[in-house]
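Working notes, beginning with the structure itself.
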Amino acid sequence: MSQADTLTRSLWPIRSLGLFRSELVTVLRRWRTLALLAVLAGVPVLIGVAVRIETGDGGSAGGGGGGGPAFVALITNNGLFLVFASLAATLPFFLPMAIGVVAGDAVAGEANAGTLRYLLVAPAGRTRLLVSKYASVLAFCLIGTLVVAVSALVTGALLFPLGDVTLLSGTTVPFSEGLLRALLVALVVAASLTGIASLGLFISTLTNSGIAAMATTVGLLITVQIVDTIPQLHAVQPYLFPHYWLSFADLVRDPVYWDEMRSNFQLQALYVAVFGSAAWARFTTRDILA
């Protein structure tokens, strides 16, 4: 191996980091992305205000077991539960829709704008460019989730009392531990979105139309969500990427139940491996005409 090749390999991580930073800044500067983040930030405010109005006369905010309804019922006792309720409310559609839009536009949007060919003229390489784009989508998964969580925490603190947290299992823990569990829940939710992110990126490599890629990704999301609710299709439901999304609720129990979350992580890893590989195979072999 020549000295030039050795130098090029040693600079690969630095150049990759710079390319990732550039891709992430590009994503976050788009008005469409800012609008999506504004919608995500507004959902916890709407939930908090609705619960505040409903319980203002001493009424109940609702009830139920396990998922969103149980969290909503506990918001009036502790504003921290608005974080859990907001993530449960946005995870089925709002968060994955935002991820689908960003992922679907990652490659197809560049091709549609005519900038993809110029990106490949630079000494970046197709693999590094695709990895950087996927990394920027994953970063948006985390950013979008944290936007929901932080908005919910601020809204919950303004509208409801904060203090020791009574978990779904009935155990009471200090507020600091409850806050830590809220952070872990946000990280689990962000990890749950990696499957739809890889699927959207793969679709983005199949077309030169950003709108078509985004619409296809969101359409598949809605279709899979519907399939996951049909009892007659229970045999295939454990293999659908949103099937274990609400397993994060087990982090709000004592002891924590890990079985469904483990299944969720394994399923998302499978989708990342399959559709990430498919996106790489497609992108590294396609003819770039725009």
Side-chain angles (χ1 to χ4, degrees), residues 16 19-20 23-24 27 33 36 91-112 116 119-120 124-145 187-228 233 235-247 260-288:
S16 297
L19 187 58
F20 161 70
E23 289 293 333
L24 182 59
V27 169
T33 305
L36 290 172
L91 185 53
F93 182 71
F94 290 103
L95 270 171
M97 181 199 68
I99 303 306
V101 168
V102 173
D105 191 56
V107 176
E110 298 279 9
N112 185 61
L116 185 59
L119 283 175
L120 295 176
R126 296 194 180 198
T127 298
R128 194 188 328 172
L129 179 61
L130 188 68
V131 169
S132 297
K133 285 187 173 295
Y134 185 54
S136 68
V137 176
L138 293 184
F140 183 77
C141 291
L142 181 60
I143 292 171
T145 304
L187 294 178
V188 169
V189 169
S192 299
L193 298 169
T194 55
I196 183 66
S198 59
L199 177 60
L201 186 68
F202 169 62
I203 294 173
S204 187
T205 63
L206 300 178
T207 177
N208 290 335
S209 172
I211 295 177
M214 290 184 286
T216 302
T217 304
V218 175
L220 281 175
L221 166 67
I222 296 173
T223 302
V224 171
Q225 292 275 35
I226 293 174
V227 171
D228 198 35
L233 299 177
V236 301
Q237 289 170 354
Y239 303 100
L240 303 177
F241 58 83
H243 186 69
Y244 297 105
W245 274 354
L246 293 181
S247 62
E260 288 203 354
M261 278 189 288
R262 189 179 299 111
S263 298
N264 182 33
F265 295 149
Q266 292 172 347
L267 185 61
Q268 303 309 320
L270 177 62
Y271 273 81
V272 169
V274 171
F275 288 102
S277 299
W280 175 82
R282 168 63 178 168
F283 187 65
T284 55
T285 57
R286 67 179 284 189
D287 293 330
I288 304 298

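Bear in mind that the values here come from a model prediction, so they are computed numbers and not experimental data.
The distance from the CZ atom of Arg282 to the CG atom of Leu201 is 12.5 Å, given to the nearest 0.5 Å. We find the CD1-CZ distance between Ile99 and Phe94 to be 14.0 Å, quoted to the nearest 0.5 Å. Between Leu142 atom CG and Leu187 atom CG the span is 6.5 Å, to the nearest 0.5 Å.
Within a 6.0 Å radius of CZ in Phe265, other residues, nucleotides and ligands contribute more than 12 heavy atoms. Other residues, nucleotides and ligands contribute only 12 or fewer heavy atoms inside 6.0 Å of the CD1 atom of Ile211.
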Should Ile196 and Leu220 be marked as a side-chain contact (heavy atoms from CB on, under 4.5 Å) after you check the CA-CA gap, both sets of side-chain angles, and the distance that decides it?
CA-CA 9 Å; Ile196 183 66; Leu220 281 175; over 6 Å; no
Step-by-step side-chain contact (heavy atoms from CB on, under 4.5 Å) determination, Leu240 to Leu233
CA-CA 11 Å; Leu240 303 177; Leu233 299 177; over 6 Å; no
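Contact annotation: the side chain of Pro238 approaches that of Tyr244 to within less than 4.5 Å [non-hydrogen atoms, C-beta and beyond]. For the pair Val137/Glu23, no side-chain contact is recorded, criterion being any heavy-atom separation below 4.5 Å from C-beta on. Within the 4.5 Å cutoff, side-chain heavy atoms of Ile222 are placed close to those of Phe93. Side chains of Ser198 and Tyr134 form a contact here, defined as non-hydrogen atoms less than 4.5 Å apart. Lys133 places none of its side-chain heavy atoms less than 4.5 Å from the side chain of Val27. Residues Phe202 and Val274 fail the side-chain proximity criterion, which asks for heavy atoms closer than 4.5 Å. The closest side-chain heavy-atom distance from Pro96 to Phe241 is not below 4.5 Å.
Side-chain atoms of Gln268 and Asn264 include a donor-acceptor pair closer than 3.5 Å.
Nearest heavy-atom pair, Ser204 versus Asp105, reported as atom, atom and distance to 0.1 Å: OG-C, 4.0 Å. Closest approach of Thr217 and Gly100 over heavy atoms only: CG2-CA, 3.6 Å. Considering all non-hydrogen atoms of both residues, Ser247 and Glu260 come closest at CB-CB, 3.7 Å. When every heavy atom of Ala197 is checked against every heavy atom of Leu138, the shortest pair comes out as CB-CD2, 4.3 Å. Closest non-hydrogen pair, Val107 versus Phe283, comes out as CG1-CE1, 3.8 Å. Residue Ala279 comes nearest to Thr205 through the heavy atom pair O-CG2, 4.0 Å, listed as atom of the first residue, atom of the second, then distance.
A parallel orientation is assigned to the rings of Tyr271 and Phe275, their planes being inclined by less than 30° (bins at 30° and 60°).
The main-chain N or O of Leu130 is never found under 3.5 Å from a side-chain atom of Trp280 such that the two would form a donor-acceptor pair.
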